[in-house]
Amino acid sequence: MGEGQNWPIVCAAFVTQALTHGFAGSMGVFYVEWKKAFGEDLPGDGSSTIGWLTSSVLGVLLTTAPISGALSHHFGVRPVIMLGGSLSALGLFVSSFADTIHLLFFTVPLTGFGCGLAYTSSITIITKYFHKHFALASGITSTGISVGVITLPIIVQALVNYYTWRNAVMIVAGIIAQIMVCGALMKPPPKLDKPEEETKVNLAVGSNQNCDQESCAYARISAEDGGEVETVVIRNGALPKEPRKKFLVILDSLGISLIWTNRVYACTLPMFFLNGTVYATCIVYIKERAEVVGISDYNAALLISTIGISGFVARAGHGRLIDKKIFHPTTLYAFANFLAGVSLPIIAVSEQYAMFVICAANIGFAAGLYIAINIVIVRGIVGVQRFPSAMGIALFLVAMSIMSTVAIAGLLLDYTGDHMAGFLYASIIQGLTGVWVLASHVVWTKCVKDPRWPSPLPSLCHSVPNQATEPRGEDKGA
């Protein structure tokens, strides 16, 4: 059966990603409205509290990835996406009746949770249906994110202007509910009769683990390190009965074991925790900052769309820059973080709309680069087999960083009455990400050479060193 008849699934996944990330990108519009409605009842003028609330959609969306993956594995992609769409619509519908902000602290994260279920599952379904044309199908699907960020903020602002924020939220709930229609189009892949499957998981006991990618899914201790290797056979996905072995296998499946078996991956975790602060802060606060200097609400909403447009350009072009060896991925990654870090404080002092547009475009372009390169770096460090769980941990750290930074930036806004302090804080955190990745590059390529770090050699994203001497991926231990 060919892949040609599966393209409607790509369209459904495209719309799903556009709606989920587009709504997350539209929260800056609701931030202004909720601050007007509820700010007087909160400490300061509510910037910190409402800022955290609006950023929780994107934060919860990112942290839901492991849960969505597990649910999709057990129940299938279609019911999970439909569940996500229904929870998102329900959360928004109830939000429209909120008389106090306390109700929103339940309904808005619920919306983010539903968006996360649908978003992650829309990625999973593409991997199941496309093999020969996977890159093309995945690329088309992921552009839905940028399309959503470009269009939904403008639509939401128009709805708020015409119908007030409560009615706008109710209408957006109806739009988000179309995720359920997209889920219904995603038919489950055909089930094949397979013999009993056996998976061998090697449980490493000791330290200084090295891993042989071809023969183990956890870690191997080399003979010269004098360690022990315990092999557990898993039949048809059933966990071992012994509690200790079960616990170790669960840690392996969640990717947590990478923290102590893959020193390169462990050292990248602070990089993820520092990442994404400028993008999230800008999405939440740029509209308010623009209105402060007299820019109309519609033009202020267009700034969020500008972020989406430039992000689309970066997502589309970064692969060729790396594949053609025009730039090393870590160099491009550091540049993107520095560009974002420089642009946000300029917004805090500028009063010209043209400068707002330029800085918003810079931030969107930078985010499109470093978000995409995150995937390149993680996949190169841990390998394809461990990539989903490793990326799940990375996204969790990014989400924690986003929500905490937006809240702190809002707190600084409450105390200073100006956006500069919060924007500068977010920029410093983002700049530290660039410093960290450059320092890591020097350490792993010059001081303590490790082949798992992205190599400047040909085939940057897929370089495989001599297996006899230098293990690859999560394979070489700390």
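Atom set for the values below is all heavy atoms of this structure, side chains included, hydrogens, waters and symmetry mates excluded.
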Test side chain to side chain contact (heavy atoms under 4.5 Å, CB included) on Thr433 and Phe273 and set out the steps. CA-CA 9 Å; Thr433 307; Phe273 185 73; over 6 Å; no
Reported CG-to-CG distance for the pair Leu369 and Asn337, which is rounded to 0.5 angstrom: 9.5 Å
Would you please test Glu288 and Tyr31 for side-chain hydrogen bond (donor to acceptor under 3.5 Å, both in side chains) and show each step? CA-CA 8 Å; Glu288 181 189 42; Tyr31 167 82; 3.3 Å; yes
Minimum side-chain heavy-atom gap Leu395-Phe272 below 4.5 Å: no
Run the side chain to side chain contact (heavy atoms under 4.5 Å, CB included) test on Tyr333 and Asn374 for me, step by step, so that the C-alpha distance in whole Å, both residues' side-chain angles and the decisive distance to 0.1 Å come before the verdict. CA-CA 8 Å; Tyr333 189 86; Asn374 275 338; 2.8 Å; yes
Under the side chain to side chain donor-acceptor pair (under 3.5 Å) test, residues paired with Thr107 that sit two or more places apart: Ser95
Just by distance, do the side chain of Ser427 and the backbone of Gly341 share a donor-acceptor pair under 3.5 Å? yes
Which atom names give the shortest non-hydrogen contact between Ile347 and Cys282, and what distance separates them? CD1-SG, 4.3 Å
Between Thr141 and Ala13 the two heavy atoms that sit nearest each other are CG2-CB, 3.6 Å
Does any non-hydrogen side-chain atom of Leu159 lie less than 4.5 Å from one of Asn167? no
Are the side chains of Ser48 and Leu413 in contact, using a 4.5 Å heavy-atom criterion? no
All heavy atoms of Leu339 vs all of Ala366, minimum pair found to be CD2-CB, 4.3 Å
What verdict does the side chain to side chain contact (heavy atoms under 4.5 Å, CB included) test give for Leu117 and Leu87, after you've listed the backbone C-alpha separation in whole Å, the side-chain angles of each residue and the deciding distance to 0.1 Å? CA-CA 9 Å; Leu117 291 180; Leu87 290 177; 4.1 Å; yes
Separation between CE of Met400 and OG1 of Thr405, rounded to the nearest 0.5 Å: 11.0 Å
Kindly compute the distance separating OG1 (Thr164) from CE (Met170), expressed to the nearest 0.5 Å. 9.0 Å
Mind checking the CH2-CZ spacing from Trp52 to Phe105? Nearest 0.5 Å is all I need. 6.0 Å
For the atom pair CD1 (Ile304) and CD1 (Ile309), what is the distance rounded to the nearest 0.5 Å? 12.5 Å
Counting N and O atoms only, with roles assigned by atom type, does the side chain of Ser88 sit under 3.5 Å from a partner on the main chain of Thr111, one being a donor and the other an acceptor? yes
Phe30: which residues meet the ring pair (Phe, Tyr, Trp, His ring centres under 6.0 Å) condition with it, sequence neighbours left out? Trp34
Give the minimum heavy-atom separation between Ala177 and Ala89, together with the two atoms involved. CB-CB, 3.9 Å
List the atom of Val32, the atom of Glu291, and the distance in Å for their closest heavy-atom pair. CG1-OE1, 3.6 Å
Measuring from atom CZ of Phe423 to atom OG of Ser343, what distance do you get when rounded to the nearest 0.5 angstrom? 12.0 Å
Could you pull out the closest heavy-atom pair between Ile81 and Ser122, with the gap in Å? CD1-N, 4.0 Å
Strictly distance-based, threshold 3.5 Å: is any side-chain N or O of Gln430 a donor or acceptor partner for the main-chain N or O of Val278? yes
